[in-house]
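Working notes, structure below.
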Amino acid sequence: MSPILLQVIVGGLLLGAVYALFSSGLTLIWGMMNVVNFAHGDFVMLAMYVAFWTWAIIGGGPLLFTPLAAFALAVLGVVVYFGVVKPVMGGPMLAQMLGTFGLALFLRYSAFWAFTANFRTLPEDMIPGSFVVGGVRFEAAKVVAGIVALLLTIGLHLLLTKTRLGSRMLAVSEDRQAAMLMGIRPDRMQAIAWALAAGATGVAGALIATFFYVSPTVGETLAVIAFVVVSLGGFGSVPGALVAGLLIGVIESLSAFWIGAVYKDVLVYALFLVVLWVRPQGLFGKL
Amino acid sequence: MLIEARGVTMRFGGFTAVDAVDLDVAEGRITGLIGPNGAGKSTFFNCLAGDYRPSAGSIRFAGREIAGLTPESHARLGMARTYQVPHTFTDMSVGDNVMVGAFLRHRRTADARRAADAVLERTGLAGQARHRASSLGTAGRKRLEIARALATEPKVLLLDEALAGLTATEIQAAITLVRDIHRSGITIVIVEHIMEVILSLADRVTVFHHGRIISQGTPGEVTGDPKVVEAYLGRSLERQRQRAAEASG
Amino acid sequence: MARFVLAVAIAIALVFPLVFSGAFYERVAALTLLYAIAASAWNLIGGYAGQVSVGHVVFFGCGAYGAAVAYSEWGLPPIAGLPLGVGAAVLLAALVGVPTLRLSGHYFTMATVALAELIRILVGNVPVLGAAVGLMGPAVPRSVWDLSFTSSLPYYYLFLAVLAGLLLFTWWMERSRMGFYLRAIKGSERAARSLGIPVGRYKLYALMLSAGFTAVAGALYLVMVGFVDPDSGVGILLSVKMLIMAALGGAGTLFGPLIGALILVPLEEISNSLLGGQGSGVTFVVYGGIILLIAVFQPGGILAMVAGWWRKS
Amino acid sequence: QGTVKIGAIYPLSGNAASAGQSSKAAIEMAVDIVNQDLLDLGDLAMAKGAGLTNMKGAKVEVVFADNQGTPAAGQSQALRLITEEKVAAIVGAYQSGITLTASAVAERYGIPFLTPESVATNLTERGFKWFFRATPITSDLAAAYIDFLKERRAAGKKIDSIAIVNENTEYGSSIAESLRKAFGANGFNVTMEIPYSANTSDVQPQVLQLKDKNPDLVIFVTYTSDAILYAKAMRSLNYRPTMMLADNAGFNDPAFVEQVGNLVEGVINRSAFAPGNPGTIPHRINEMFKAKTGRDLDDPSARAMMGMLVMCDAINRAGGTEPAKIQAALKATDLKVNQILTGYRGVKFDEKGQNILAFTLITQMHDGKYVPVWPAGQASAPVKDYVGWR
Amino acid sequence: MSDTLLDISHIEVRYGDLVGVADVSLKVPDGGIVALLGSNGAGKTTTLNAVAGLVQATSGSIRWLGEEIRELPAFGVVGKGLTLSPEGWRLFVQQTVEQNLILGATPLVDKSRQRPLLERVYTIFPSLAERRRQQAGTLSGGERQMLAIGRALMSGPRLLMLDEPSLGLAPTIVETLYETLQALHREGLTLLLAEQSVELALDVADYAYVLQTGRTVLEGPAADLARDPTVQRIYLGLE
Ligand SMILES: Nc1ncnc2c1ncn2[C@@H]1O[C@H](COP(=O)(O)OP(=O)(O)OP(=O)(O)O)[C@@H](O)[C@H]1O
Ligand SMILES: Nc1ncnc2c1ncn2[C@@H]1O[C@H](COP(=O)(O)OP(=O)(O)OP(=O)(O)O)[C@@H](O)[C@H]1O
Ligand SMILES: [Mg+2]
Ligand SMILES: [Mg+2]
C-alpha cells in the first residue's frame with residue numbers, strides 16, 4: 001500500500017474517531033432516552049466557544065478548557081432537561097423535535113448575537129505537532145481526540161450496560177412511572193443522563209476546537225453526520241456509534257480520494273440506506 | 001378440518017418454544033389450548049396468525065398453505081386474533097378501534113360504522129364507544145380486542161387469554177358472548193388459564209407442555225389425564241370442575 | 001358551533017387581503033398559505049400515519065424543479081411543469097417508499113434525512129437542473145400563463161384554492177377507510193396487520209399522496225419566487241419547517257398545519273423585517289425562542305390548547 | 001434638507017452571515033462618506049460635501065434587510081423595502097441566486113437595483129432595465145488571472161499542470177467553470193479538478209490528492225470555513241504547493257488572514273481592494289474601517305462600499321428620487337479610476353447594466369498581509385515564491 | 001389485630017373529566033391480608049395506583065402509619081415500605097429478567113439483602129431463574145406476571161399491593177403463588193390484593209372490601225363475605 005493511501009486511511013480513521021466523539025452524547029440522549037436532540041450540534045458549538053474563550057481570556061490549554069467545557073455543558077444539559085425536555089416529554093415525539101429545534105435556533109443565534117458570525121480558531125500549538133510513523137503522519141490533536149473518543153465510548157458503554165445507574169437510566173426512559181414504582185427518581189436519572197451526555201459533548205467540542213474552526217453555525221456542519229453515525233450504529237448502541245463513526249470516516253476519506261470529494265457524502269448516505277435496507281435496526285441495534 | 005398444523009416448530013435462538021406440533025381444528029368447533037406458563041401457546045398462536053413465520057412445519061387453512069403469509073393476508077382469509085398483551089390503538093376512541101376492524105369487509109364509512117356499532121352492541125362496549133381507548137383497563141382492552149377482531153368478520157377467531165382479569169359474573173357474560181359468537185358460525189380457538197372457561201366452552205382441548213402436545217381430547221379426558229394434572233392443573237382441579245358443573249348445570 | 005367558526009374563518013380568508021392591504025403583507029399572507037399547503041401535505045404521512053419524514057423537501061424540489069424545467073428546457077409557462085413535478089414526486093415516493101417505509105420510528109426519519117441530503121448533492125451536479133447555480137423562471141412575463149404578477153393577491157387566491165382543495169381531501173380522507181387505517185398504523189403496526197391492513201401498502205399510498213401534494217406546493221413556489229437552487233429547493237431546512245409547522249399546530253389534525261403556518265410564517269417574515277436589519281441574529285433568537293416556548297407549554301400543538309379552551313367554554 | 005432612503009439586502013444571518021455583516025459595516029461607512037464632508041479622501045466619489053450636494057445636502061439613510069440566505073426571503077425583503085420603506089433604490093444581495101429574485105421585484109416595481117458583488121453571468125442577461133452591476137464577473141477575473149500567469153510564465157515559472165479545488169455551490173462551481181474555459185483557451189492545462197461540498201468536515205483527502213500529483217499551480221475556490229481547514233490540513237500533512245492561488249472568498253476573510261494567514265505565506269489572491277501604503281486613499285479608508293469594526297476591509301466589503309457609492313453618486317446626479325431619473329443617472333455613470341476605492345478601472349455601465357470597466361488586482365500574502373503585486377502600476381511589492389508556514 | 005398500617009379515607013381520583021374513584025375508604029391492619037373486590041372498572045386499580053403515588057387522589061387522605069402520603073410521588077411511597085405490582089406489569093421490556101429484579105431492589109437501604117431476596121424470588125418462580133438473562137419483552141404472559149410480582153418482592157416491602165396477581169397464571173402456579181403469599185404473610189408481610197377471582201381472594205384474605213363504580217359499598221371479614229349468599233349474588237356474581 002502506498003504511503004499516501006495509508007495516510008488517507010489513517011486520516012479517515014482519525015476523522016471517524018472525531019465523528020464518534022462528536023456523536024457520543026447524541027447516542028446517549030437519542031438512543032437511550034429516546035429524545036431526538038436537534039440541538040446536539042449546537043451543544044458542540046457552545047463547547048467549542050467555551051474552549052475558545054477560555055483560551056482567549058484566561059489562556060491555558062486543553063487541560064484547562066476541556067474540563068471547563070465538560071462542566072459548562074453538563075450544567076447546560078441539566079438546564080435543558082428541566083427547562084425544555086421534561087415539559088415536552090409528556091407530549092408526542094414531534095413535540096420533542098419542536099422543542100429541540102427551537103432550542104437549536106435559540107442557542108445558535110444567541111451565540112451569533114454574543115460572539116458575531118466571525119470565524120475563530122485556536123492557535124495551532126494547542127496540542128502541538130504531528131509525528132511520522134512508517135511514512136504516515138499523525139496529527140497529535142486528532143490522535144488525542146481519537147483516544148479520548150475511544151475511552152469515552154467505552155466508558156459510556158460500560159456505564160450503561162454494566163452499572164446499576166445505567167440500568168436505572170434505561171428503566172426511566174422505558175417507563176417513567178414503573179421506574180418510580182421501583183423507587184427511582186426519574187428526574188434525577190434524566191438529569192444525570194443529560195449531564196453525562198452534554199458533558200461528553202463538552203469534551204468532544206473542546207477537543208475538536210483544537211483542530212477545527214469555531215463559528216455559530218459549525219454545529220450544523222457536523223450534526224447531520226452525527227445523526228447518521230448514531231443511526232447507522234444502531235440507536236442506543238454506544239459501540240455501534242464508534243464502529244459506525246470509524247466506518248464512515250474511512251469511507252469518506254477513501255471515496256474522497258478515489259472517486260471525488262463531491263461524492264463522498266453521496267456514498268456515505270447511499271451506504272447508510274443500503275445498510276438500513278439489509279439491517280433495519282442498524283449495525284448494532286436491537287429490533 | 002379448517003386448520004391443519006403439521007410439525008409446526010418455532011425456535012428463538014437456541015430455545016425451541018414450539019416443537020413439532022400437529023394440531024387440527026375442526027370447522028365450527030371450539031378448541032381449547034391449555035398448558036403451563038411458557039409452554040408455547042401464544043407462540044403457536046402467533047404462528048397460526050402469521051405474526052411469526054414458523055421455523056419449520058406447515059399450516060393449512062381451509063385447505064390452503066398459509067405458513068409464512070403475512071398477518072394481513074391471514075386476516076383477509078378470515079383468521080382473526082386477540083393479543084395476550086393488548087395492542088390497542090390508544091389514541092383512538094373505542095368505537096374507532098372497532099371501525100378499523102370493520103373496514104376489512106366494508107369499504108364505505110357508513111357501512112363500516114353500522115357494522116362496528118353492531119359489534120360494539122354485541123360485545124357490550126357500546127356505552128364506552130366514544131371514550132378514548134387509553135381509558136380502558138386491561139380487561140376492557142381485551143374485550144375491545146375481541147370486538148375489533150370480530151368486526152373483521154372472521155371464519156376463525158383466536159382468543160389468547162381474552163377472558164383473563166374478569167370477575168365471575170363477567171366471565172359468565174363473556175362465556176355467553178363467546179358461545180354467541182360461536183353460534184354465528186365462527187370457529188374458535190381459545191387459550192385460557194381459567195379452567196372454568198375451557199371446561200364450559202371447549203369441545204376439544206389440547207395441552208401444551210415445553211412446546212409439545214402432551215395430551216389431547218375432550219375436556220373430561222384431558223382433565224383426567226395424570227400428566228396434565230401433574231404439569232398444569234394441580235390440586236385446583238376439583239374446585240374448577242365443581243364450578244364448571246355448577247355453571248353449566 | 002364548529003360550522004360557524006369554519007364559516008367565519010373562510011370569510012376572513014377571503015376578504016383578509018382586501019382589508020389589510022399592503023403589498024408586503026399580501027405576500028406574507030400568500031407565503032403563509034403556500035407553506036400551509038406544504039405542511040398539510042406533510043401531515044398526510046407525518047401526522048396521520050405517524051411516519052415522521054424529514055426528507056419531504058425532495059418532493060417539494062420535484063415540484064419546483066419540474067416547473068423550472070418546463071420553462072428552461074421547453075420554454076413553457078412554469079405552471080405547465082406541475083404535472084411533471086407531481087408525477088416525479090409520486091414516482092420518487094414510490095421508489096424510496098418501498099425500502100424506507102419498512103423502517104421503524106427514528107430509522108425511517110434518519111433514512112429520509114439521508115435521502116434528502118443525497119438528492120440535494122446530486123441535484124447540485126445535474127446540468128439540466130442548473131446544477132449548483134439553479135434555475136430561474138421567466139424573468140419577464142411573456143403571457144398571463146407565466147403567472148407572473150406584481151401583486152401577491154392572485155397568488156394568495158390561487159394558494160387559497162389549492163389549500164382548500166387539499167384540506168377538503170384531507171377531511172374526506174380522515175373519515176374514510178384510509179384515514180382510519182393510517183391512524184391505526186400510527187397506533188400499532190402489529191395490531192393493524194392483524195386486522196387485515198396491508199400496512200406497507202397504505203403507508204406507501206400515504207407517502208405518495210403526501211409527496212404529490214408537496215410537489216404542488218413546490219411548483220407553486222417556483223411560480224411565485226421564480227428561482228430554485230439546491231439549497232432553496234432541496235435543502236433539509238424546509239423539511240424541518242414543514243414538520244415544525246404541523247407539530248406546532250397539531251400533527252394529525254386537519255387544521256393543525258395551517259395553524260402552524262399561520263403562526264410561523266408571519267412570525268418569521270415579520271421578525272425578520274423588524275429585527276433582521278440589525279444583523280445581530282436576534283430574529284432567530286426570537287423565532288427559536290417562541291417555538292421553544294410553544295413546545296414547552298403546549299406540547300400537543302396549538303390546536304390541543306384551543307380544544308382545551310373550547311371544552312371549557 | 002430631506003433624506004433619501006436606500007435599501008440594502010445582505011445575508012445577515014445563516015452561513016454567509018460573516019461576509020454579510022462585513023458588507024453591512026462597509027455600506028454604513030459608505031453612507032458616512034456620503035453624509036459627511038471628508039476632505040481627506042481626495043477625489044473619491046461622494047466624499048466631498050455633506051450629503052447629496054445636488055439635493056440640498058439631503059442625507060442618505062440606508063435600510064438594511066436580512067436575506068437569511070434564501071431567495072424567498074430576499075424577495076420578500078425587496079418587496080418590503082420598496083412598498084413599506086419606500087426606498088429610492090436597492091443594493092445587494094450578495095448571493096447571486098438571491099440577487100436574482102430580489103432584483104426581479106425591483107424590476108416589476110421599476111426601482112433601480114445595483115449589485116456590488118454578485119457575479120453570476122445570467123443576472124445581466126435577463127433584459128432588465130433597472131438592474132446594474134458594478135463588480136467584475138467571472139470572465140473578467142479569469143482574464144486577470146491569465147494575464148498574470150502569463151507574466152509569471154514569461155518570468156520562468158513552470159505552470160504546466162494546474163489543479164482547481166472548488167466548493168460546489170454556485171460561487172465555487174461557476175468560478176471553476178470559467179477558469180477552466182479561459183485556461184483552456186489560453187494554453188494553460190487544467191490537469192486536476194477537485195470539486196467538493198462546501199462546509200465539509202474534512203479536507204485531508206483533497207490535500208493528499210494534490211500532494212500525490214503535485215501540480216505546478218493549485219487554485220482554491222472556497223469559503224472561509226473550508227479555507228481554514230485547507231490551511232491547517234496542508235500544514236499537518238506537510239504539503240507546500242509550488243505555486244498557490246486562492247480565489248478571494250475564504251482566503252480573503254479577515255478572520256482567515258488574521259488567524260491562519262501565517263500558514264499560507266505567499267498565497268496569491270485576487271482582490272478589488274488593497275489598502276496600499278500609508279497616505280493613500282485606500283489605506284485611509286481601511287484605517288477608518290478598522291476603527292469602526294476592528295477588522296481590515298476585505299474585498300467583498302470594499303465592493304459593497306463601492307457599489308453604495310456608485311448608487312449615491314447616481315442619485316446625487318439625478319437630483320431627485322424619481323426612479324426613472326436615478327435609472328438615467330446610473331446609465332450615465334462614468335466614474336474614473338481616481339474616483340473609486342476598488343481596483344476597477346472605472347465605473348461605466350453597458351446597456352445590460354454591466355460595469356465594463358470592472359477589474360481586479362492580484363495580491364499576495366506577505367508577512368501575514370495581502371499586498372497588491374499586479375498589475376505593475378498598482379503593485380506595492382514584487383511577487384515571491386510560495387512559502388506556506390515557517 | 002394490631003394497629004393500622006394503611007388508612008385510606010374518602011379518596012377521589014379523577015382522570016381529566018372522568019372520575020376513576022369517587023369515594024373509597026379502607027384500612028389495612030399490620031399483618032393482615034386485605035382483598036379489594038369488584039367488577040371491571042370498579043376502581044380497584046385506581047385505588048392501588050393512588051396509594052402507590054402513580055396517580056394523585058384529588059381529595060381525601062391516604063395515611064401510612066398515621067403519616068399523610070397522598071401527595072407523595074411514587075418513589076417516595078415505595079421508600080416507605082409499600083410496593084405495588086401494577087396492572088399491566090409495566091416491565092422494563094428491554095432489560096433482562098435479572099436486571100428487572102435488581103431494579104426492584106432499588107429502595108433497599110441494606111444492599112446485602114438483595115442476594116437473598118433474589119434467591120427467594122427464583123425459588124418461588126423457578127421459570128424466572130431459567131430465564132434470568134432473557135429480555136423481559138420476550139417472556140410469555142405468565143412469566144411476565146411472575147416477574148412483576150417477583151420484582152415487587154425485591155424491595156422487601158412491609159405492605160405488598162398486588163393488582164390481580166393470578167391473572168394469566170397457570171393453575172399450578174396460582175397455587176404456588178398463594179401458598180407463597182401466605183408464607184410471606186406468616187413472616188410478617190402485610191398484603192393488599194385486588195383480585196377478580198373472588199373465591200381465591202376470600203380464601204386467603206382475612207378482610208375484604210367491595211368496590212362498585214368507584215365507591216366502597218361493602219366490607220367485612222372475608223369469611224363472612226364468603227358465606228353471605230345475598231352479598232355474593234349481588235356483588236360477586238356467585239350463585
Ligand atoms: N424472542 C424470544 N426469545 C427467547 N425466548 C422466547 C422468545 N419469545 C418467547 N420466548 C419463550 O418461549 C416460551 C413460550 O412462550 P409463549 O408466550 O408461547 O408461552 P405461553 O404458553 O403463551 O405462556 P403463558 O401462558 O404464560 O402466556 C416462553 O418461555 C418464552 O419465554
Ligand atoms: N388512564 C385513565 N384515563 C381515564 N380513565 C381511566 C383511566 N384509568 C382508569 N380509568 C377509569 O377509571 C375507572 C376505574 O378504573 P380501574 O382501572 O381503577 O378499575 P378496576 O377495578 O381496576 O377494573 P379492572 O378490573 O378493569 O382492572 C374506570 O371507569 C376507568 O374507565
Ligand atoms: Mg401466552
Ligand atoms: Mg384493574
Honestly, the part of A/Phe119 sitting under 4.5 Å from a heavy atom of chain D is both
Which portion of A/Arg120 sits near chain D, non-hydrogen atoms under 4.5 angstrom: both
Residue part contacting chain D, namely of A/Asp265, when any heavy atom lies under 4.5 Å: side chain
With distance as the sole test, does D/Gln259 use its side chain to make a donor-acceptor pair with the main-chain N or O of A/Thr121 at under 3.5 Å? yes
Below 4.5 Å, heavy-atom pairs only: which of A/Ile4, A/Thr217, A/Val18, A/Ile225 has the largest tally toward chain D? A/Ile4
Is there a side-chain contact (heavy atoms from CB on, under 4.5 Å) between A/Phe257 and D/Asp212? Walk through the geometry before answering. CA-CA 10 Å; A/Phe257 186 75; D/Asp212 195 26; 4.0 Å; yes
What distance separates A/Thr116 OG1 from D/Arg295 CZ, expressed to the nearest 0.5 Å? 7.0 Å
A/Phe212 versus chain D, heavy atoms under 4.5 Å apart: side chain, backbone, both or neither? both
Any chance CZ of A/Phe106 has more than 12 other-residue heavy atoms, nucleotides or ligands included, within less than 6.0 Å? no
Working to the nearest 0.5 angstrom, can you tell me the gap between A/Phe138 CZ and D/Ser236 OG? 12.5 Å
Which atoms of A/Leu222 are under 4.5 Å from chain D, going by heavy atoms: the side chain, the backbone, both sets, or neither? side chain
Answer with side chain, backbone, both or neither: which region of A/Leu254 has an atom nearer than 4.5 Å to a non-hydrogen atom of chain D? neither
Begin with the C-alpha distance, continue with both residues' side-chain angles, and end with the deciding distance and a verdict on side-chain hydrogen bond (donor to acceptor under 3.5 Å, both in side chains) for A/Tyr19 and D/Ser201. CA-CA 9 Å; A/Tyr19 286 161; D/Ser201 49; 2.6 Å; yes
To the nearest 0.5 Å, what is the distance between OG (A/Ser215) and CG (D/Asn199)? 8.0 Å
Chain D heavy atoms under 4.5 Å from A/Gln7: which part of the residue, side chain, backbone, both or neither? both
Who wins among A/Ser255, A/Ala117, A/Pro216 for the most heavy-atom pairs under 4.5 Å with chain D? A/Ala117
To the nearest 0.5 Å, atom CG of D/Asp202 lies from atom CD of A/Glu252 at 7.0 Å
Taking D/Asn238, D/Asp253, D/Asn15 one by one, which has the highest count of heavy-atom pairs under 4.5 Å against chain A? D/Asn238
Select, from D/Ala17, D/Gly14, D/Pro195, the one with the greatest count of heavy-atom pairs under 4.5 Å involving chain A. D/Pro195
